[in-house]
Asker: 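Encoded as structure tokens, here's the structure I'll be asking about.
Quick caveat: nothing in here was measured; it's all calculated off a predicted structure.
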Amino acid sequence: MTFGEPISPVAGEEGFTLSFENASRSVCSLQGYPEISLFGANGRLPFAWIDGQSPGPYFLRRSPGAVVLAPGHAAHVLVAKYRCDLGDVASAKTVAIRVAGTPGQATTLRLAADLSYCRGGPKSPGNTVGVMPFVTSISSVVP
């Protein structure tokens with residue numbers, strides 16, 4: 001798992017993409033959403049989460065379906081939120097990702113993208129993060 005193509009913050013969004021490559025010698029499939037948590041210097045940040053079936057300004061509404069991956073091919077996930085208009089309380093430094101239904105610990109990656117938990121508490125629009133289901137192309141889910 002690696003970070004994918006950067007997203008363009010044209011409408012005030014912050015976010016990143018993740019790529020999940022099939023490193024095996026056989027076909028595999030992914031379905032649904034990865035489990036994602038964002039952590040700042042003092043622990044897990046209390047973001048609210050919406051999935052790709054919920055309305056969101058950064059991606060098209062999309063129901064999760066099975067993504068079948070040949071060896072060497074990748075599935076992608078888009079994670080996005082609105083910027084902090086009132087300032088931020090904490091910045092996410094790492095992201096923990098786990099593919100639901102797979103054994104083992106979550107994979108933790110250091111974030112290069114700027115994702116901040118905003119002033120204004122849980123009702124601040126910048127404190128809700130949207131996650132798309134696995135797709136074969138990010139361009140299929142962005143407006």
Side-chain angles (χ1 to χ4, degrees), residues 1-24 27-70 72-143:
M1 169 182 9
T2 60
F3 287 107
E5 294 294 316
I7 65 167
S8 174
V10 295
E13 72 269 22
E14 300 175 345
F16 56 90
T17 60
L18 294 165
S19 295
F20 299 79
E21 184 177 340
N22 179 0
S24 75
V27 171
C28 73
S29 67
L30 294 169
Q31 186 163 347
Y33 306 86
E35 298 170 6
I36 297 178
S37 298
L38 294 166
F39 295 85
N42 295 316
R44 187 175 180 178
L45 297 172
F47 287 107
W49 293 84
I50 57 171
D51 62 35
Q53 296 181 78
S54 303
Y58 310 119
F59 42 73
L60 302 172
R61 184 178 293 205
R62 185 171 185 130
S63 297
V67 174
V68 178
L69 298 175
H73 288 93
H76 310 280
V77 171
L78 171 64
V79 178
K81 69 177 234 38
Y82 192 69
R83 69 178 181 252
C84 294
D85 286 339
L86 301 175
D88 63 334
V89 175
S91 291
K93 303 293 184 195
T94 58
V95 57
I97 307 114
R98 186 172 174 284
V99 176
T102 59
Q105 298 283 336
T107 299
T108 302
L109 300 172
R110 183 154 183 78
L111 277 175
D114 180 25
L115 257 72
S116 301
Y117 190 78
C118 305
R119 294 189 189 284
K123 297 205 185 256
S124 172
N127 288 337
T128 299
V129 180
V131 179
M132 283 304 304
F134 292 105
V135 294
T136 55
S137 169
I138 289 295
S139 63
S140 70
V141 294
V142 292

Asker: What residues, two or more places apart in sequence or in another chain, satisfy side-chain contact (heavy atoms from CB on, under 4.5 Å) together with T108?
Answerer: T94, A96
Asker: Can you tell me how far the CG atom of L78 sits from the CZ atom of F16, to the nearest 0.5 Å?
Answerer: 9.0 Å
Asker: Which residues pass the side-chain hydrogen bond (donor to acceptor under 3.5 Å, both in side chains) test with N22, sequence neighbours left out?
Answerer: S24
Asker: Taking all non-hydrogen atoms of both residues, which atom of V27 and which atom of A70 are closest, and how far apart?
Answerer: CG2-CA, 4.3 Å
Asker: Would F134 and Y33 satisfy side-chain contact (heavy atoms from CB on, under 4.5 Å), going step by step from the backbone distance to the final call?
Answerer: CA-CA 6 Å; F134 292 105; Y33 306 86; 5.8 Å; no
Asker: Would you say the side-chain atoms of E14 pair up with the backbone N or O of S116, donor to acceptor, closer than 3.5 Å?
Answerer: yes
Asker: Between S19 and E21, does a side-chain contact (heavy atoms from CB on, under 4.5 Å) hold up when you go through it step by step?
Answerer: CA-CA 6 Å; S19 295; E21 184 177 340; over 6 Å; no
Asker: List, one per line, each side-chain donor-acceptor pair under 3.5 Å for residues 35-49, sequence neighbours excluded.
Answerer:
| from | atom 1 | to | atom 2 | distance (Å) |
| --- | --- | --- | --- | --- |
| S37 | OG | R44 | NH2 | 3.3 |
| W49 | NE1 | F47 | O | 3.4 |

Asker: Are T17 and H76 close enough, and set up right, to give a side chain to side chain donor-acceptor pair (under 3.5 Å), and what steps lead you there?
Answerer: CA-CA 7 Å; T17 60; H76 310 280; over 6 Å; no
Asker: Strictly by ring pair (Phe, Tyr, Trp, His ring centres under 6.0 Å), give each pair with a member in residues 91-112 just once, sequence neighbours left out.
Answerer: none
Asker: Hey, does K93 have a side-chain heavy atom less than 4.5 Å from the side chain of R110?
Answerer: yes
Asker: Which donor-acceptor pairs under 3.5 Å do the side chains of residues 120-132 make with protein atoms, sequence neighbours left out?
Answerer:
| from | atom 1 | to | atom 2 | distance (Å) |
| --- | --- | --- | --- | --- |
| S124 | OG | G126 | N | 3.4 |
| N127 | OD1 | C118 | N | 2.6 |
| N127 | ND2 | C118 | O | 3.1 |
| N127 | ND2 | G121 | O | 2.7 |

Asker: Which distance, rounded to the nearest 0.5 Å, do you find between the OG of S29 and the CG of L69?
Answerer: 8.0 Å
Asker: Are V95 and T107 side-chain neighbours, meaning at least one heavy-atom pair lies under 4.5 Å?
Answerer: no
Asker: Under the rule for side-chain contact (heavy atoms from CB on, under 4.5 Å), what residues qualify as partners of V89, not counting sequence neighbours?
Answerer: Y117, R119
